[in-house]
**Student:** 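Would you mind keeping the following structure in view while I ask a few things?
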Amino acid sequence: MRMRRLQSARTRIVQRLPVAVEGQWWRRKPKSMLMLMLVAAVTMWLRPLVTAQLCRARTVRTGKVFNVTQDVQGDRLYFQSTTTRLIKHPCEKNIALYLGKQVFFTRDNFETSLLPFTIPTSMQVGVPEVTSAHFAGSLLLLVVDQKVYIYDYENNSWSMSLGIKHPVTHVSGDNCCYTGSLFCVDVSNLVFAYFRGDQVSQTYIYYSNTGGFSFWKYHYDRQAEIVGSLGGIFHFFSLSQVAMLVVNQRKGMFKYSDHPLNRSFGLSFDYNGTLDILIAPGQRGILLLWFENSLLFSHNAGQLVDTVRVKKGEQTLFSSIFEAKITIHSIAVNENELAVITREDNLYYGNLGIVPSSIIKFADQYIWSEEVALMFRSPGTLEILTPLRDTAFPAFDFQKCLVNIQALLMDPELHVGKCNVEFLTGEFIYRMYTIDMHSQLELTASLISQPGTSLIPLVMVSNPHSLGFQATFYENGYTSDGNTKYKLDIFLKQQQHWGRTDSNFTSSLKRATMSTLTVDIANKEISCVDIKPLSTLISVGCDLDKKIVIQKEFYDPGFQGQQSSKDLHVFYSYQQLGCPLLVYYDTPWKPVVELWRKDSFQEVIDAEFVLLEVNGQFSYSYSLTAQSAMCTSQPQNWSTMIKEFGGPFFWNRENYVSCHDPNNNAPLRWPDVQYQILGGRTANQIIFGHNNGFYVFYISIVDPYYSYCQLETIFSIYVYGAFPVQLVSAGVVILLIISSILGSVWLAYKTPKLLRTARSLRIKTFAAQLCRRCKTVCQFRAPATARAGTEPLGRHRTPHGGRSDH
């Protein structure tokens, strides 16, 4: 390679210089003095070349000590392009994929010799050409021969994505590197697959929320009406929008999916070639769009797209790459930096700030080849990578040239100003925060300027449609050497609750969004390589630490209020439900719902919620009807929700529609139907039937404006105080008792008088005669029975006292 030969030659010259001048030069002859002067002149001539040297190359060659040959198994993958790509995993810094005439996958930053990357022949890919690649968590997605394949590098296994029925050429996605966040997992798992260059109105777009294992057809709103070809589709999490790049008549523009950006396209820009779109890591909304003769930049997820300028010091040499007649070969991006290597053997560097992006040219060196690629090893450290073929082994070696950006920026010929920032830090870096509905967040940052300089702090949010802030900047003491310390206080809450913006600017309050907060210095010099912007990810959505707590035998298995034909036996889970609440059956009741965050009480919830007995009991009703609840439209109820969603427990904030909403067009056809929503503006309560027993309730907060979380829980109550149902009314019983008492008193009073009358004497005479006759009959029947011989067989005494045998 030319680069290696030049490196070696310069090294040999520099190593000979000490040999030429060692010894006692003052004792030498004039001829020796002349030689010494010549050497000094050569040294001065070589000095610019030595100082202009970008890096020192080294070759990585491992596993080739013994003559053991490894065979390349499977179909060799290749990338059909005149340029190279080096895709680094945004979160796992040692994992990368090289795309060129050969494809290489590394898990140690190319610190070992590698065999070309292959796909098993059992996958039957046909033409093993790679057109796109993307890291989705611990998976590598590759588009090979217009199909999506998955390489699980942790398990070293291959599989094919399911659900894609049409050819695709590209996949797109993003990665969130904040550990321990379920939201970040969702970000990394969302992937799009599409055919770049198809007409938008006719193309098929697929999306996956499983990291690429399964895809489903994606329906973009009014897609059939869009005129132009598809340049790509992306989920910009920094803006909480799905954006489609539409190309029409050599102009490109982004179309967004949700309010308020879905009403029009973003500003158009020149689209003079097929642009690759790089999403800079960190969810800050920074995009780089490039091909060989163009390099464009956007700091707000495509809403504004501008050219990258070529500068020298403060002077702008060219307003675009095309104007500078630069041919890009490879590009590298990290969170804050940009590097470009060109076919003209030049290396350019720039930072990704909020000011119009620009690059500067470093000194010339023979570094370009058809296989060369760039990647950032760390902030301020760039690596120039070139695969080297080995004629004796199938494994490739790698030539690596490490560039110290900070050292190169010290070259006075670049006219780069001295860094004017001494210190910039904040407690919120490398952390993720959540702002739930009606919540707020306070963050602070500290900064120190270099002596004799002044700083212009800049606070930005990537999604101002959902997140607003107010910042205060003030002096906060002095350092030990007299420099002024400054502090920046930032107060954040939802943009809708500031009251300073129009509804046409803010996003829907019901929809959970996210935004990135960035603190930077507006007038920071490019030489401040180590002073990175402070950035954090803020989810305007559900706070997962929140939960609800309840202040502490009729049933229908179909939850439709129809009595079952058999009994239901339910085991009460004390471990899950604890002791039940006691509720008197004859008192209207509504649970007191509390909001807790971790183990800390927050407030009593007054939002709308619904209850459902989980075992299907329906021996309770509601105190209000739709009419008495002042509904203007037909309210939802459990019967309609179960019928619509095919089962219980699906009524939540996502599908709840208030009957008091003026935008609800459902007519109030049945005003006497029970109103089954509790809390909120009404005084609705539960009324229990005449039954004692346990009730296990499912409760769900359905108010969409209370929290982005699906707040739900299960609790139990015990209804007591209901006595058995009386078969006769209490009035009848009392009447019978009183009648009995009065009758007894009347008999006690009347009977003695009746006994003194003639009729009473005749009755008594009749009764006496009747008794005598009954007695005579009884005496006559007794001797007849004795004569019938009813004694048992055996011995018994005779009337004369002897014994007789029968």
Side-chain angles (χ1 to χ4, degrees), residues 79-87 99-100 131-132 143 169-172 192 194-203 226-234 236 243-256 264-280 285-311 316-333 338-350 352 356-361 368 370 372-374:
F79 182 66
Q80 188 68 40
S81 176
T82 57
T83 59
T84 58
R85 311 285 192 278
L86 207 160
I87 305 172
L99 297 177
T131 55
S132 179
V143 180
T169 60
H170 285 73
V171 289
S172 68
F192 283 106
Y194 57 95
F195 195 106
R196 188 172 69 179
D198 257 4
Q199 290 298 307
V200 175
S201 59
Q202 302 174 359
T203 192
I226 301 176
V227 178
S229 60
L230 180 64
I233 185 167
F234 312 91
F236 294 144
M244 179 186 294
L245 176 57
V246 180
V247 181
N248 188 28
Q249 297 180 354
R250 300 177 67 87
K251 291 289 184 180
M253 61 193 75
F254 284 95
K255 179 173 176 54
Y256 301 93
S264 62
F265 287 86
L267 293 182
S268 63
F269 54 91
D270 291 333
Y271 196 96
N272 298 320
T274 303
L275 296 175
D276 279 347
I277 291 88
L278 293 179
I279 303 176
I286 296 177
L287 306 180
L288 285 162
L289 304 86
W290 72 283
F291 78 109
E292 290 182 342
N293 303 116
S294 178
L295 181 59
L296 306 175
F297 171 82
S298 175
H299 67 273
N300 55 8
Q303 296 179 79
L304 298 173
V305 180
D306 198 5
T307 59
V308 175
R309 296 162 174 77
V310 180
K311 299 180 70 174
T316 299
L317 301 179
F318 303 101
S319 61
S320 67
I321 297 295
F322 180 78
E323 183 181 333
K325 293 180 173 56
I326 292 174
T327 305
I328 299 175
H329 181 72
S330 185
I331 189 170
V333 175
L338 163 68
V340 176
I341 189 171
T342 68
R343 289 182 177 272
E344 293 79 18
D345 248 342
N346 295 321
L347 180 66
Y348 292 82
Y349 172 80
L352 303 178
S357 185
S358 61
I359 55 177
I360 61 173
K361 176 185 171 183
W368 179 83
E370 290 185 356
V372 70
L374 301 177

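No hydrogens, no waters, no symmetry mates; every other heavy atom, side chains included, goes into these values.
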**Student:** Do Asn272 and Arg250 have side-chain heavy atoms sitting under 4.5 Å apart?
**Tutor:**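 A side-chain contact under 4.5 Å exists here.
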**Student:** Test your reading of the model: is there a side-chain donor-acceptor pair from Ser357 to the backbone of Phe297, 3.5 Å cut-off?
**Tutor:**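 It does not hold such a pair.
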**Student:** What heavy-atom pair brings Ser229 and Gly197 nearest, and what distance separates the two atoms?
**Tutor:**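 Looking at all heavy atoms of both residues, the shortest contact is CB-O, 3.7 Å.
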**Student:** So which heavy atom on Ala373 is nearest to which on Leu86, and how close?
**Tutor:**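 Between these two residues, the closest heavy atoms are CB-CD1, 3.9 Å.
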**Student:** Answer whether the closest heavy-atom distance between the side chains of Thr82 and Glu370 falls below 4.5 Å.
**Tutor:**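 No. Closest side-chain heavy atoms not under 4.5 Å.
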**Student:** Looking at side-chain heavy atoms only, is the closest gap between Leu230 and Phe195 below 4.5 Å?
**Tutor:**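 No, too far: nothing below the 4.5 Å cut-off.
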**Student:** Kindly compute the distance separating CD1 (Ile328) from CG (Asn346), expressed to the nearest 0.5 Å.
**Tutor:**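 One gets 12.0 Å once the value is rounded to the nearest 0.5 Å.
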**Student:** Taking atom CG of Leu275 and atom CG of Leu296, what is their separation to the nearest 0.5 Å?
**Tutor:**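 One finds 6.0 Å between CG of Leu275 and CG of Leu296.
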**Student:** For Gln202, does its backbone N or O pair with a side-chain atom of Asp198 as donor and acceptor, under 3.5 Å?
**Tutor:**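 The answer is no, because no donor-acceptor pair under 3.5 Å joins these two groups.
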**Student:** What's the shortest heavy-atom distance between Leu352 and Ala280, and which atoms?
**Tutor:**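 The pair with the smallest heavy-atom distance is CD1-CB, 4.3 Å.
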**Student:** Going by the rule side chain to side chain donor-acceptor pair (under 3.5 Å), which residues pair with Ser201 if we only count those two or more places apart in sequence or in a different chain?
**Tutor:**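 Ser201 satisfies side chain to side chain donor-acceptor pair (under 3.5 Å) with no residue once adjacent residues are dropped.
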**Student:** Establish, for the pair Lys251 and Tyr271, whether the NZ or CZ atom is under 6.0 angstrom from the six-membered ring centre and no further than 45 degrees off its axis.
**Tutor:**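 No, Lys251 does not lie over the aromatic ring of Tyr271.
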**Student:** Is the shortest side-chain heavy-atom distance between His329 and Val372 below 4.5 Å?
**Tutor:**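 SC-SC contact between His329 and Val372 confirmed.
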**Student:** Below 4.5 Å, heavy atoms only, C-beta onward: do Thr274 and Arg196 meet side chain to side chain?
**Tutor:**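 Of all side-chain heavy-atom pairs linking Arg196 with Thr274, at least one is under 4.5 Å.
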**Student:** So, taking the atom named CZ in Phe254 and the one named CG in Leu289, what distance separates them when rounded to the nearest 0.5 Å?
**Tutor:**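 Going from CZ on Phe254 over to CG on Leu289, the span is 5.0 Å.
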**Student:** Within a strict 4.5 Å, meaning less than it, do heavy atoms of the Val171 and Phe192 side chains meet?
**Tutor:**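 No. Closest side-chain heavy atoms not under 4.5 Å.
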**Student:** For Ser298 and Gln303, which I'm curious about, is there any donor-acceptor pair between the side chains at under 3.5 Å?
**Tutor:**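 Per modelled atom types, Ser298 and Gln303 side chains form no pair under 3.5 Å.
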**Student:** When you compare the side chains of Thr83 and Glu292, does any donor N or O come within less than 3.5 Å of an acceptor on the partner?
**Tutor:**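 No, no side-chain donor-acceptor contact under 3.5 Å.
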**Student:** With rounding to the nearest 0.5 Å, note down the distance linking OG1 in Thr316 to CZ in Arg309.
**Tutor:**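 Result: 6.5 Å between the selected atoms.
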**Student:** Enter the distance from Leu347:CG to Leu374:CG here, rounded to the nearest 0.5 Å.
**Tutor:**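 Reported to 0.5 Å precision, the distance equals 6.5 Å.
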**Student:** With heavy-atom distances below 4.5 Å as the criterion, would you say the side chains of Thr307 and Ile321 are in contact?
**Tutor:**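 A side-chain contact is absent here, since even the closest heavy-atom pair is not under 4.5 Å.
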**Student:** One pair to check against side chain to side chain contact (heavy atoms under 4.5 Å, CB included): Ile233 and His170. What are the steps and the verdict?
**Tutor:** CA-CA 10 Å; Ile233 185 167; His170 285 73; over 6 Å; no
**Student:** Just do the side chain to side chain contact (heavy atoms under 4.5 Å, CB included) check on Leu338 and Ile359 with the steps written out, would you?
**Tutor:** CA-CA 8 Å; Leu338 163 68; Ile359 55 177; 3.8 Å; yes
**Student:** Where do Thr84 and Leu99 land on the side chain to side chain contact (heavy atoms under 4.5 Å, CB included) test, with the steps shown first?
**Tutor:** CA-CA 6 Å; Thr84 58; Leu99 297 177; over 6 Å; no
**Student:** Using every non-hydrogen atom in the two residues, find where Trp290 and Leu295 come nearest and quote the distance to one decimal.
**Tutor:**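 That would be CB-CD1, 3.7 Å.
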**Student:** Begin from the C-alpha positions of Val305 and Leu267 and carry the test side chain to side chain contact (heavy atoms under 4.5 Å, CB included) through to its verdict.
**Tutor:** CA-CA 7 Å; Val305 180; Leu267 293 182; over 6 Å; no
**Student:** With a 4.5 Å heavy-atom cut-off, do Val310 and Lys361 have their side chains touching?
**Tutor:**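 With C-beta onward as the side chain, the pair stays apart.
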**Student:** Over all heavy atoms of both residues, which pair between Phe236 and Ala243 is shortest? Give the atoms and the distance, please.
**Tutor:**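 Taking Phe236 first and Ala243 second, the nearest heavy atoms are CE1-CB, 3.4 Å.
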**Student:** Please check this pair: side chain of Asn293 against backbone of Phe322, looking for a donor-acceptor N/O pair closer than 3.5 Å.
**Tutor:**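 Such a contact is absent between Asn293 side chain and Phe322 backbone.
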**Student:** Looking only at non-hydrogen atoms, find the nearest pair between Ile226 and Phe265 and report the distance.
**Tutor:**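 Closest heavy-atom pair between Ile226 and Phe265: CG2-CZ, 4.5 Å.
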**Student:** Let me confirm one number: the CG-OG distance from Leu245 to Ser172, rounded to the nearest 0.5 Å.
**Tutor:**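 Reported value, rounded in 0.5 Å steps: 11.0 Å.
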